[in-house]
Amino acid sequence: MPKHLKPARNYWLVKSEPDVYSFADLLRDKQTFWDGVRNYQARNNLLAMRCGDAVLCYHSNIDKAVMGIAEVVRTAYPDPTVEPEEAKGNWVCVDICAVQALTPVTLAMIKAEPRLANIALIKQSRLSVLPLTPEEYTLLCALGGVKNAR
DNA sequence: GCCAACGTTGGC
DNA sequence: GCCAACGTTGGC
């Protein structure tokens, strides 16, 4: 396909607590549904995901590091874990599949990297689904030992 | 365990 | 519509 016709690809970062669901779990499962988001801004980011978008998986709390690369394989659909009293939020989930693990890129490494000074992970530290620029994505992959990440 | 950041709720 | 109180997240 000619380069100028290549569909736009977006880049995202999602957080999880590793003792709840880790990137190792995703590698084992191959694919999962990314559920449980109950924040409107994070939900809107889920709604903006397209098949083929790249997703970096970050572990909060214990590891505080980007652990691996995943890819969106199904766009937003109703989150099956929504409780009746949460229904008005129109909460959604997406399906992602594992692509490959990274050498963990720690939060300390990210904070030490001037080119990542404006990353949403730091600017909006409580948001669990956030956008990345292509440059941030490529750099995080490189820091994790993956050059020329797709 | 503490606290900063920040989203949500509810009284007015 | 404002804002105080409260709850949650996540880093330290």
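For the numbers below, each heavy atom of this structure counts, side chains included, while hydrogens, waters and symmetry mates do not. First the proteins, then the strands, lettered A, B, ... as listed; each starts at 1.
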Nucleotide dT9(C), atom P - distance to CG of N61(A) in whole Å: 10 Å
Spacing between Q124(A) atom CD and dC6(B) atom P, to the nearest angstrom: 8 Å
Sugar-phosphate only, base, or nothing, as touched by L107(A) at under 4.0 Å among non-hydrogen atoms: sugar-phosphate
Geometric class of the Y21(A)/W34(A) ring pair [parallel <30°, tilted 30-60°, perpendicular >60°]: perpendicular
From dG10(C), dT9(B), dT8(B), nucleotide with atom closest to E17(A) side chain: dG10(C)
N/O (side chain, Y58(A)) to phosphate O (OP1/OP2, dG11(C)) under 4.0 Å: yes
salt_bridge(D25(A), R28(A)) N-O dist < 4.0 Å: yes
Rounded distance in Å - CG (D63(A)) to C1' (dT9(C)): 17 Å
Side-chain H-bond candidate by donor/acceptor type, D95(A) with Y77(A), under 3.5 Å: yes
Candidate nucleotides dG11(C), dG10(C), dT8(C), ranked by approach to the side chain of R126(A) - the nearest: dT8(C)
Atom-to-atom span, CD1 of I122(A) to C1' of dA5(B) - whole angstrom: 15 Å
For atom NZ of K15(A) and atom P of dC6(B), their distance in whole Å: 11 Å
Y58(A) and W12(A) aromatic centres sub-6.0 Å: no
K111(A) side-chain N/O to dC12(C) phosphate OP1/OP2 under 4.0 Å: yes
Distance in angstrom units between D19(A) CG and dG10(C) P, rounded: 12 Å
Rounded distance in Å - CD1 (I62(A)) to C1' (dT9(C)): 14 Å
Euclidean distance, atom NE2 of residue H59(A) to atom C1' of dG10(C) [Å, nearest integer]: 15 Å
